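Just below is one structure, and these are the notes that go with it.
Just so it is clear, the model here is predicted, and its values are computed rather than measured.
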Amino acid sequence: MGRTEEQAGAAPRRTRDPEGRRAAIVEAAVSVIAERGIGNTTHRLIAARAGVPLGSTTYYFPSLGDLVDAALEKVADECRTTLAGWEERLRASPATPGPVIADAAAAYLEDRERAIVEYDLYLAAARDERLRPLVDAWIGEMTRAVATVSDEPTARAITALVDGALIQALVTDRPLDHRLLSTTVDALLRGLHDGNDPAAGTGNDAHTRKREQWRSVD
């Protein structure tokens, strides 16, 4: 006997969201990799973390390598987006780099759980060289962002300073010391300007030439 329209309507068809499921699987993979390392990551662990059937992970990502690559690319994209925002803020307010960098670092820590996952991956690179391109990208992009107001050596020093401040804030679960970070960044930049060679030009002109020369090298 055929079902009536009323009976058929009693069991509505579940809406499929393949892109949403794929995104959830990739997000789960990021968490599992950060927690267990690439070598201990499996389709089964990722499926459990995502709350999806095991077959879903293999449907979207037939090989574990494909899934790991998608997860790492997601993190890399997010890092690039974050640091592009830092660079935009520095370009918009070049006269106040210390507060701008401190504000950007504090904003990054607002999503503490996400920051922990990303720094878990960052530190895991000490054990797994396959993660090192992520670290190189993070350090390189942050250094380039800071180089909008600095030369290369000073930008690297500020990058190391910001990294340390972020890690300490995450490990201690204490608010970022905004004033200390801001004043230390500005102190490093003052040292840069005070150390300019007068024969190379004065103040900002020499500083700008050094910065642009370094940024133009790929």
Side-chain angles (χ1 to χ4, degrees), residues 27 30-38 71-94 96-193 195 207 210-211 214-215 217-218:
E27 184 67 32
V30 172
S31 297
V32 172
I33 292 168
E35 182 180 300
R36 294 176 175 261
I38 290 178
L72 297 184
E73 185 58 33
K74 174 182 173 60
V75 175
D77 285 344
E78 290 175 349
C79 289
R80 283 191 287 267
T81 298
T82 295
L83 293 171
W86 291 33
E87 183 170 343
E88 288 178 6
R89 294 178 203 176
L90 284 167
R91 288 188 182 279
S93 303
T96 56
V100 169
I101 290 173
D103 285 346
Y108 174 77
L109 290 171
E110 287 178 359
D111 188 349
R112 188 171 186 276
E113 292 306 313
R114 188 64 188 178
I116 288 173
V117 168
E118 291 180 357
Y119 264 95
D120 277 343
L121 285 170
Y122 185 90
L123 296 174
R127 300 185 300 273
D128 193 331
E129 65 181 14
R130 287 173 293 179
L131 291 169
R132 288 178 192 164
L134 280 178
V135 175
D136 291 340
W138 172 260
I139 293 174
E141 291 297 324
M142 187 186 294
T143 302
R144 286 186 178 277
V146 177
T148 60
V149 293
S150 170
D151 66 2
E152 180 189 3
T154 306
R156 293 190 184 281
I158 291 173
T159 294
L161 171 69
V162 173
D163 255 346
L166 291 172
I167 290 172
Q168 286 188 6
L170 290 170
V171 170
T172 63
D173 197 17
R174 295 173 185 162
L176 182 77
D177 192 329
H178 187 286
R179 181 175 180 277
L180 178 61
L181 181 57
S182 175
T183 56
T184 306
V185 168
D186 284 340
L188 285 169
L189 291 171
R190 281 198 302 275
L192 165 69
H193 291 298
H207 158 71
K210 288 181 181 179
R211 183 179 71 236
W214 173 70
R215 287 176 59 81
V217 176
D218 283 322

Is the shortest side-chain heavy-atom distance between [X] and [Y] below 4.5 Å?
X: Asp186; Y: Pro97; answer: yes
X: Pro175; Y: Leu109; answer: no
X: Thr148; Y: Pro94; answer: no
X: Leu72; Y: Arg130; answer: no
X: Val185; Y: Val146; answer: no
X: Ile167; Y: Val171; answer: yes

Can you say whether the rings of Trp138 and Tyr108 are parallel (under 30°), tilted (30 to 60°) or perpendicular (over 60°)? tilted
Contact summary for [X] and [Y], nearest pair of heavy atoms:
X: Pro99; Y: Ser182; result: N-OG, 3.1 Å
X: Ser93; Y: Val100; result: CB-CG2, 3.8 Å
X: Leu166; Y: Ala105; result: CD2-O, 3.7 Å
X: Leu189; Y: Val149; result: CD2-O, 3.4 Å
X: Ala107; Y: Arg89; result: CB-NH1, 4.3 Å
X: Leu83; Y: Ala145; result: O-CB, 3.9 Å

Count the heavy atoms belonging to other residues, nucleotides or ligands that lie under 6.0 Å from CZ of Arg179, then report whether that count exceeds 12. no
Measuring from atom [atom1] of [X] to atom [atom2] of [Y], what distance do you get when rounded to the nearest 0.5 angstrom?
X: Leu161; Y: Arg156; atom1: CG; atom2: CZ; value: 15.5 Å
X: Gln168; Y: Asp177; atom1: CD; atom2: CG; value: 9.5 Å
X: Leu121; Y: Ile116; atom1: CG; atom2: CD1; value: 12.5 Å
X: Leu170; Y: Asp173; atom1: CG; atom2: CG; value: 8.5 Å
X: Asp128; Y: Ile38; atom1: CG; atom2: CD1; value: 4.5 Å
X: Met142; Y: Thr82; atom1: CE; atom2: OG1; value: 9.5 Å

Side chain to side chain contact (heavy atoms under 4.5 Å, CB included) between Leu131 and Val135, worked out: CA-CA 7 Å; Leu131 291 169; Val135 175; 5.7 Å; no
Start with the C-alpha distance between Arg114 and Val75, add both sets of side-chain angles, then the distance that settles side chain to side chain contact (heavy atoms under 4.5 Å, CB included), and finish with yes or no. CA-CA 10 Å; Arg114 188 64 188 178; Val75 175; 4.1 Å; yes
Would Glu73 and Arg80 pass as an ion pair if we require N to O under 4.0 Å? yes
Under 4.0 Å between a side-chain nitrogen and a carboxylate oxygen: does that hold for Lys74 and Asp77? no
Derivation and outcome, side chain to side chain contact (heavy atoms under 4.5 Å, CB included), residues Asp103 and His178: CA-CA 7 Å; Asp103 285 346; His178 187 286; 2.5 Å; yes
